[in-house]
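Inspection log for the structure reproduced underneath, given as structure tokens.
Just so we're clear, the structure is a prediction, and the values are computed from it rather than from any experiment. One is the number of the first residue; the rest follow in order along the sequence.
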Amino acid sequence: MQFVNPIRDLKTIQAMKEELRKHSIRDLLLFVLGINTGISLLDLLNLQVQDVWDGQNARPFLYIKDEKTGEDKAHFLNSKIDEILTEHLSNIDWKPEDYLFKSKKDCRPITRQQAYRIINHSAREIGICEKIGTHTLRKTFGYHAYYRGVAISILRSIFHHHSTAETLKYLGIDRAEKKPIQVDVNL
């Protein structure tokens with residue numbers, strides 16, 4: 001497995017969204033859900049409609065059993081996810097047990113390889129030259145969460161890392177970098 005990078009620039013993230021939208025809302029949802037929750041690719045691909053949709057609206061939280069601890073972890077489904085999820089699910093008649101990222105060929109979810117092709121192809125189309133893959137989604141989430149004030153200890157827990165240094169390296173963050181951290185309580 002090769003090392004991939006997070007997408008650091010917000011304009012590049014927006015360009016990725018626009019490129020993915022050209023192909024399909026499903027592909028856009030994969031990207032948006034990944035960069036806004038930090039959920040692993042395997043967990044993303046195994047999501048069923050009932051995990052994120054109550055029949056009429058997006059659920060506020062997605063609960064996924066943590067493989068390492070065995071406990072259910074809550075992942076907030078923000079307004080960006082809600083918007084794309086609503087658009088995706090309003091186009092087709094879905095059953096609760098359908099996979100959210102259903103293959104166009106059968107009823108199973110898309111494969112890891114197909115998810116990689118989707119993300120990598122769109123990245124190349126918009127001119128990203130860095131190494132990009134499906135793990136980029138998770139790293140992008142962590143990178144932006146860190147610079148928006150999420151404690152590194154929380155991110156370390158999400159990623160199951162043993163040390164803060166490991167998490168910072170994983171996210172491509174240099175402690176010497178003097179980029180300000182934005183804590184936005186926005187009451």
Side-chain angles (χ1 to χ4, degrees), residues 1-10 12-53 58-59 61-68 73 75-78 80-92 94-145 155 158-161 170-172:
M1 179 163 71
Q2 65 179 346
F3 181 81
V4 297
N5 295 306
I7 301 172
R8 294 173 175 87
D9 181 59
L10 294 176
T12 304
I13 290 173
Q14 189 56 40
M16 276 289 288
K17 288 179 182 180
E18 290 167 12
E19 182 63 29
L20 286 160
R21 181 178 284 283
K22 289 179 194 175
H23 297 265
S24 80
I25 298 299
R26 179 202 69 189
D27 297 351
L28 174 61
L29 179 61
L30 176 70
F31 181 75
V32 169
L33 195 57
I35 67 170
N36 281 284
T37 62
I39 295 169
S40 73
L41 181 64
L42 185 60
D43 286 335
L44 280 172
L45 297 181
N46 284 317
L47 289 177
Q48 294 179 322
V49 171
Q50 62 195 351
D51 297 329
V52 295
W53 192 255
R59 296 184 187 281
F61 288 92
L62 163 63
Y63 294 92
I64 295 178
K65 186 173 287 297
D66 188 302
E67 291 297 320
K68 295 195 176 170
K73 283 205 170 182
H75 300 273
F76 179 63
L77 301 180
N78 65 22
K80 301 264 191 226
I81 296 168
D82 185 9
E83 177 186 325
I84 306 300
L85 185 60
T86 300
E87 186 177 349
H88 178 54
L89 294 177
S90 65
N91 290 336
I92 301 168
W94 294 91
K95 294 183 210 129
E97 64 277 1
D98 283 346
Y99 285 106
L100 189 59
F101 301 107
K102 189 164 53 169
S103 170
K104 293 173 183 169
K105 296 176 184 172
D106 56 29
C107 293
R108 295 187 315 207
I110 61 173
T111 63
R112 295 174 68 88
Q113 294 80 9
Q114 181 62 17
Y116 172 82
R117 283 191 289 272
I118 289 165
I119 299 304
N120 202 274
H121 175 75
S122 292
R124 300 294 165 245
E125 286 293 310
I126 65 162
I128 295 177
C129 298
E130 293 181 284
K131 291 180 177 155
I132 299 292
T134 54
H135 230 58
T136 295
L137 306 180
R138 199 162 155 85
K139 289 184 175 194
T140 299
F141 160 79
Y143 180 87
H144 289 282
L155 295 171
I158 289 170
F159 297 131
H160 297 291
H161 290 161
Y170 176 77
L171 298 176

Under 3.5 Å side-chain donor-acceptor pair for H121 and Y116: no
Is the NZ or CZ atom of K73 both under 6.0 Å from the centre of the six-membered ring of F61 and within 45° of that ring's axis? no
Show, in sequence, the C-alpha distance, side-chain angles and deciding distance for T134 and V4, and conclude whether the side chain to side chain contact (heavy atoms under 4.5 Å, CB included) test is met. CA-CA 9 Å; T134 54; V4 297; over 6 Å; no
Counting only N and O atoms by type, is there a donor-acceptor contact under 3.5 Å from the side chain of R26 to the main-chain atoms of F101? no
Considering only heavy atoms from C-beta outward, does the side chain of L20 approach that of S122 to under 4.5 Å? yes
For the residue pair K131 and F3, would you count it as a cation-pi contact if the rule is NZ or CZ under 6.0 angstrom from the ring centre and within 45 degrees of the ring axis? no
Quick one: are R138 and S40 in side-chain contact, heavy atoms under 4.5 Å? yes
Kindly say whether I7 contributes a backbone atom to a donor-acceptor pair with the side chain of T140 at under 3.5 angstrom? yes
Quick one: does N46's side chain get under 4.5 Å of L42's, heavy atoms only? yes
Go through the steps to decide whether H88 and W94 satisfy the test ring-ring contact (aromatic ring centres under 6.0 Å, His included), and finish with yes or no. CA-CA 10 Å; H88 178 54; W94 294 91; 5.1 Å; yes
For the student: nearest non-hydrogen atoms of D27 and H23, plus distance: OD2-CB, 4.0 Å
Which residue is it: Y143, F141, F159? I am looking for the one with a ring-ring contact (aromatic ring centres under 6.0 Å, His included) to Y170. F159
The reported gap from CG in L85 to CG in L100 (rounded to nearest 0.5 angstrom) is 6.0 Å
Under the side chain to side chain contact (heavy atoms under 4.5 Å, CB included) test, residues paired with E18 that sit two or more places apart: Q14
Side-chain touch R8/E130, heavy atoms, less than 4.5 angstrom: yes
Check: L28 main-chain N/O paired with K17 side-chain donor or acceptor under 3.5 Å: no
Would you call R21 and E87 a salt bridge, taking side-chain N to carboxylate O under 4.0 Å as the test? yes
Distance-only donor-acceptor check, side chains N36 and H75, under 3.5 Å: no
Going by the rule salt bridge (charged side-chain N to carboxylate O under 4.0 Å, His left out), which residues pair with D106 if we only count those two or more places apart in sequence or in a different chain? R108
Considering all heavy atoms of both residues, which atom of N120 and which atom of I132 are nearest to each other, and what is their separation? ND2-O, 2.6 Å
Supply the atom-to-atom distance L33 CG to I81 CD1, rounded to the nearest 0.5 angstrom. 5.0 Å
Side-chain touch R112/L45, heavy atoms, less than 4.5 angstrom: yes
Rounded at 0.5 Å granularity, tell me how far CE in M16 sits from CD in E125. 10.5 Å
Carefully, step by step, assess K104 and S24 under the rule side chain to side chain contact (heavy atoms under 4.5 Å, CB included). CA-CA 11 Å; K104 293 173 183 169; S24 80; 4.1 Å; yes
For G34 against L44, the heavy-atom pair lying closest together: CA-CD1, 3.9 Å
Say you draw a straight line from CD of Q113 to CZ of R117; how long is it, rounded to the nearest 0.5 Å? 6.5 Å
To the nearest 0.5 Å, what is the distance between CG on D43 and OG1 on T37? 9.0 Å
Between R59 and Q50, is there a donor-acceptor pair closer than 3.5 Å when you use the side chain of the first and the backbone of the second? yes
Close side-chain approach of I118 and F31, heavy atoms under 4.5 Å: no
What do the steps show when you test I84 against L29 for side chain to side chain contact (heavy atoms under 4.5 Å, CB included), and what is the final call? CA-CA 6 Å; I84 306 300; L29 179 61; 3.8 Å; yes
Any side-chain heavy-atom pair of L62 and I39 under 4.5 Å: yes
Determine yes or no for a side-chain-to-main-chain donor-acceptor pair under 3.5 angstrom, with H161 supplying the side chain and L155 the backbone. no
At what distance, to the nearest 0.5 angstrom, does CG of N78 lie from CD of E83? 10.0 Å
Could you go through D82 and L77, starting from their C-alpha distance and side-chain angles, then the distance that decides it, and tell me whether this counts as side chain to side chain contact (heavy atoms under 4.5 Å, CB included)? CA-CA 7 Å; D82 185 9; L77 301 180; over 6 Å; no
When you measure from the side chain of T136 to the backbone N and O of N5, does any donor-acceptor pair fall under 3.5 Å? yes
